[in-house]
Amino acid sequence: MELGRYFYILVLAVFVIAGRKFLDAWRDETTGAPVRRIIFGSLCLACFLFVAFFEVQL
């Protein structure tokens with residue numbers, strides 16, 4: 001496979017992991033939770049936009 005597909009798979013994996021971490025932070029009520037929500041929510045959104053707009057042609 002070419003390098004672009006590996007990068008695409010990596011972005012999808014980061015999207016899934018960031019989404020899970022965002023949901024964990026969403027349920028958390030500690031003092032650091034809002035910062036983690038912003039970080040992981042932004043990372044998840046960035047990965048989603050990358051996948052949505054720069055889809056690899058098969």
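Counting begins at 1 with the first residue of the sequence.
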Scanning both residues in full, the closest heavy-atom pair of A18 with F40 reads O-CB, 3.7 Å
Indicate if L12 and L49 have the same hydrophobic cluster label, given that clusters are the connected sets of ILVMFWY residues with side-chain heavy-atom separations under 4.5 angstrom. yes
dist L3:CG -> L10:CG (nearest 0.5 Å) comes out at 10.5 Å
Cluster overlap V11 with V16, hydrophobic side-chain contacts below 4.5 Å: yes
Test item: R36 side-chain N/O and A25 main-chain N/O as donor-acceptor pair under 3.5 Å: no
Do V51 and L45 land in one hydrophobic cluster if side-chain heavy atoms of ILVMFWY residues count as linked below 4.5 Å? yes
Do I38 and L43 share a hydrophobic cluster, counting only Ile, Leu, Val, Met, Phe, Trp and Tyr and linking them when any side-chain heavy atoms are less than 4.5 Å apart? no
Is it possible for you to say whether F48 and F22 belong to one hydrophobic cluster, with membership spreading through side-chain heavy-atom contacts below 4.5 Å? no
According to salt bridge (Lys or Arg N to Asp or Glu O under 4.0 Å), who are the partners of R20, at least two apart in sequence or on a separate chain? none
Say you draw a straight line from CD1 of I39 to SG of C44; how long is it, rounded to the nearest 0.5 Å? 14.0 Å
For the ring pair F50 and F7, is the centre-to-centre distance below 6.0 Å? yes
